[in-house]
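See below for the structure under consideration.
What you see is a predicted model; the values in this text were computed from it and never measured.
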Protein chains: 2
Amino acid sequence: MSAEKPATKMFIQIVRELRGIIQDEEIPPGGKIPSERVLAERLNVGRSSIREALRSLELLGLIETRRGGGTFVADFNNHQLVEVLAMFILQEEKDIRNVQAARMIIERDAIRIVAEDEALRSLPVWESLLTNVIMNGKIEREDVMREIMIASQNRLVLKIWILLKQYSNEPYKNQSTAEEQPIIKMFLSELMLGHTQKAIVAFEEWAALLHKGRE
Amino acid sequence: MSAEKPATKMFIQIVRELRGIIQDEEIPPGGKIPSERVLAERLNVGRSSIREALRSLELLGLIETRRGGGTFVADFNNHQLVEVLAMFILQEEKDIRNVQAARMIIERDAIRIVAEDEALRSLPVWESLLTNVIMNGKIEREDVMREIMIASQNRLVLKIWILLKQYSNEPYKNQSTAEEQPIIKMFLSELMLGHTQKAIVAFEEWAALLHKGRE
DNA sequence: CGAAAAATGTGGTCAGACCACTTTTGTTTA
DNA sequence: TAAACAAAAGTGGTCTGACCACATTTTTCG
């Protein structure tokens with residue numbers, strides 16, 4: 001009949017209440033949430049139910065817990081979510097090429113973002129990297145790309161990138177070879193000039209070079 | 001076994017083990033997971049710890065539970081994830097933008113891949129979608145993009161896309177408006193013709209249109 | 001006053017107990 | 001034999017109470 005079932009699971013309900021509490025009491029990121037025992041009494045449920053809800057939120061990276069300390073509202077920027085999902089989703093991906101492809105998609109776009117933004121492409125870091133290549137002749141692709149990923153200012157994408165990087169597990173450790181240097185220089189130069197397409201072309205040549213040297 | 005200091009939280013560890021079990025025993029989507037009591041004994045932990053892990057995965061929509069029935073691995077799709085994350089994060093407009101941006105990066109590249117491949121852009125599905133737009137006038141952006149993601153043949157990227165989609169999915173099932181239709185038609189046409197740039201431009205106009213209609 | 005020590009608070013984990021519900025099993029019956 | 005029914009077993013849902021390990025606060029004492 002119309003008898004109200006607990007349509008939503010208890011722990012989902014608790015998640016809702018929790019959000020209400022955080023909101024009503026204006027607990028800021030980093031702020032402390034009432035203890036599990038207090039919450040249990042306040043919401044009239046068992047502590048274990050409270051914990052199930054809290055653990056869920058923790059897995060999502062929405063709260064942090066410190067043993068002996070308490071539970072705190074997390075900084076929304078560290079989603080543990082990505083890692084956990086990766087555990088389930090990436091696991092079965094044996095095909096490294098897919099990972100590599102995914103990574104390049106992200107990298108390519110980050111380059112575009114940086115190149116097309118006056119402020120971003122003017123960051124001193126590119127000049128610094130370029131100088132480094134010319135002077136020392138050694139630089140790692142990963143380091144360059146990390147700077148670009150960071151510059152592109154999307155933490156979520158950065159997170160995914162780092163994750164893919166771990167999974168692709170490539171032997172890119174090599175110092176840049178003499179063959180690589182002119183490409184790197186061109187890449188960075190075009191990037192700083194805001195020539196998106198040329199920068200991406202150079203980027204792809206660079207990638208192809210490394211890839212070729214491995215088979 | 002020695003007294004190991006669990007660097008990672010117990011319930012996270014259990015999540016890992018769970019993944020291993022699902023993998024090793026090749027439990028398919030919809031398949032049944034061992035009962036909580038069995039798992040507790042098998043992993044030598046308390047049932048409550050098992051439950052905390054399971055509840056976390058349930059919140060992520062990775063498993064389903066049926067009271068009295070059992071626990072089952074789910075098919076990644078519409079589950080609490082969106083709702084819960086929205087509940088906590090939606091206020092942070094910035095994060096949503098990041099998700100949306102990440103999603104568009106992937107979509108844009110998938111379009112490129114399809115458009116630049118003779119065989120892919122010739123798939124009958126595009127003609128079918130186009131017809132659908134013209135005849136019924138209604139089509140969802142999500143459905144179109146899903147076809148493109150699938151066609152681009154990178155399962156990993158497809159999965160990431162699904163994840164991001166859940167994160168950012170707009171609550172409204174907006175049918176395509178009259179305003180949208182010409183853009184959709186142009187998009188699909190250019191795609192089929194292999195005009196990558198034009199297709200992407202149309203794609204972005206489409207996105208902008210949807211985005212605009214929401215503020 | 002300041003440092004050491006004790007008390008308190010908090011999350012982490014476990015064990016056991018019911019409950020409500022579903023599935024399986026076993027028995028009876030048409 | 002086959003269908004229908006009833007009993008038993010299995011499973012998730014929840015609560016309680018008990019320790020533990022660690023962190024913070026309070027008290028005590030030099």
Side-chain angles (χ1 to χ4, degrees), chain A residues 1-18 21-22 25 27 30-74 78 80 84, chain B residues 1-18 21-22 25 27 30-74 79-80 84:
Chain A
M1 299 310 165
S2 59
E4 291 300 335
K5 291 289 192 143
T8 51
K9 314 248 181 179
M10 170 69 89
F11 85 98
I12 295 277
Q13 194 56 41
I14 293 177
V15 165
R16 288 216 173 81
E17 309 249 27
L18 235 23
I21 288 176
I22 292 174
E25 303 187 1
I27 303 175
K32 194 156 179 283
I33 294 174
S35 79
E36 297 178 349
R37 290 170 177 84
V38 170
L39 286 173
E41 183 165 358
R42 215 161 119 176
L43 303 183
N44 274 303
V45 296
R47 191 183 155 209
S48 51
S49 294
I50 293 287
R51 280 185 62 80
E52 290 181 12
L54 288 178
R55 251 19 78 207
S56 299
L57 293 179
E58 184 174 359
L59 193 71
L60 285 179
L62 295 174
I63 60 173
E64 278 175 15
T65 53
R66 293 199 275 276
R67 187 199 196 97
T71 306
F72 306 81
V73 177
N78 314 343
Q80 184 145 36
V84 173
Chain B
M1 204 178 287
S2 60
E4 298 191 22
K5 280 298 169 285
T8 54
K9 311 253 183 178
M10 169 70 91
F11 86 97
I12 294 276
Q13 192 57 40
I14 293 178
V15 166
R16 290 215 171 82
E17 309 250 27
L18 238 21
I21 288 176
I22 292 173
E25 304 189 0
I27 303 174
K32 193 157 179 284
I33 294 174
S35 78
E36 297 178 350
R37 290 169 177 85
V38 170
L39 287 173
E41 183 165 356
R42 222 165 111 173
L43 303 183
N44 273 303
V45 297
R47 189 182 157 209
S48 51
S49 294
I50 294 289
R51 279 186 62 81
E52 290 180 12
L54 287 177
R55 252 16 79 208
S56 299
L57 293 179
E58 184 174 0
L59 195 70
L60 285 179
L62 294 174
I63 61 173
E64 276 176 13
T65 53
R66 294 200 274 277
R67 187 199 196 97
T71 306
F72 306 81
V73 313
H79 287 284
Q80 274 87 347
V84 173

message: My understanding is that only residues two or more places apart in sequence, or in another chain, count here; which of them pass side chain to side chain donor-acceptor pair (under 3.5 Å) with A:Thr71?
response: none
message: Is any side-chain heavy atom of B:Arg55 closer than 4.5 Å to one of A:Arg55?
response: no
- prompt: Which residue, B:Arg51 or B:Lys32, contacts DNA chain D at a nucleotide closer to its 5' end, judged by nearest heavy atom?
  reply: B:Lys32
query: Taking atom C1' of C:dT13 as reference, at what distance in whole Å does atom CD1 of B:Ile12 sit?
result: 16 Å
task: Measure the shortest side-chain to side-chain distance between B:Ile33 and B:Ile21 over non-hydrogen atoms and say whether it is less than 4.5 angstrom.
output: no
query: Of the nucleotides C:dT13, C:dG12, D:dG12, which has the atom closest to the B:Thr65 side chain?
result: D:dG12
message: With rounding to the nearest 0.5 angstrom, report the CZ to CZ distance, A:Arg16 to A:Phe11.
response: 10.5 Å
- prompt: Rounded to the Å, how far apart are B:Leu39 CG and D:dG12 P?
  reply: 8 Å
Nucleotide N/O of nucleotides 15-19 of chain D paired with protein N/O under 3.5 Å:
from   : atom 1 : to      : atom 2 : distance (Å)
D:dC15 : OP1    : A:Gly46 : N      : 3.4
D:dC15 : OP2    : A:Gly46 : N      : 2.7
D:dC15 : OP2    : A:Ser49 : OG     : 2.6
D:dC15 : O5'    : A:Gly46 : N      : 3.4
D:dA18 : N6     : A:Arg47 : NH1    : 3.4

- line: Residues at least two apart in sequence or cross-chain that pass side chain to side chain donor-acceptor pair (under 3.5 Å) with A:Ser48, listed by chain then number, are none
message: Rounded to whole Å, please give me the gap between CD1 in A:Ile63 and P in C:dT10.
response: 15 Å
- request: Using a 3.5 Å limit on both pairing distances, list the dot-bracket string of DNA chain D from the 5' end; Watson-Crick and G-U wobble pairs count, crossing pairs take [ ], interstrand pairs take |.
  value: ||||||||||||||||||||||||||||||
message: Tell me every residue that passes salt bridge (charged side-chain N to carboxylate O under 4.0 Å, His left out) with B:Arg66, counting only those two or more places apart in sequence or in another chain.
response: B:Glu64
- prompt: What's the CZ-C1' distance between B:Arg67 and C:dC21, to the nearest Å?
  reply: 6 Å
message: Measure CD/B:Glu36 against C1'/C:dT13 and give the value in whole Å, please.
response: 16 Å
query: Rounding to a whole Å, what distance do you find between B:Glu41:CD and C:dA15:C1'?
result: 13 Å
field: Counterpart residues, salt bridge (charged side-chain N to carboxylate O under 4.0 Å, His left out), relative to B:Glu41 (two or more places apart)
entry: none
statement: Rounded to whole Å, CD of B:Glu64 lies from C1' of C:dT22 at a distance of 16 Å
query: How far does CD1 of B:Ile14 sit from CG of B:Leu54, to the nearest 0.5 angstrom?
result: 8.5 Å
- request: Go through the structure and list residues passing salt bridge (charged side-chain N to carboxylate O under 4.0 Å, His left out) with B:Arg42, not counting sequence neighbours.
  value: B:Glu25
What pairs of nitrogen or oxygen atoms, one from the protein and one from nucleotides 24-27 of chain D, lie under 3.5 Å apart?
none

message: Is the shortest side-chain heavy-atom distance between A:Ile63 and A:Leu18 below 4.5 Å?
response: no
- prompt: For A:Arg37, which residues count as a side chain to side chain contact (heavy atoms under 4.5 Å, CB included) partner, sequence neighbours excluded?
  reply: A:Ser35, A:Arg47
- prompt: Considering only C:dG12, C:dC21, D:dT14, which nucleotide approaches the side chain of A:Arg55 most closely?
  reply: C:dG12
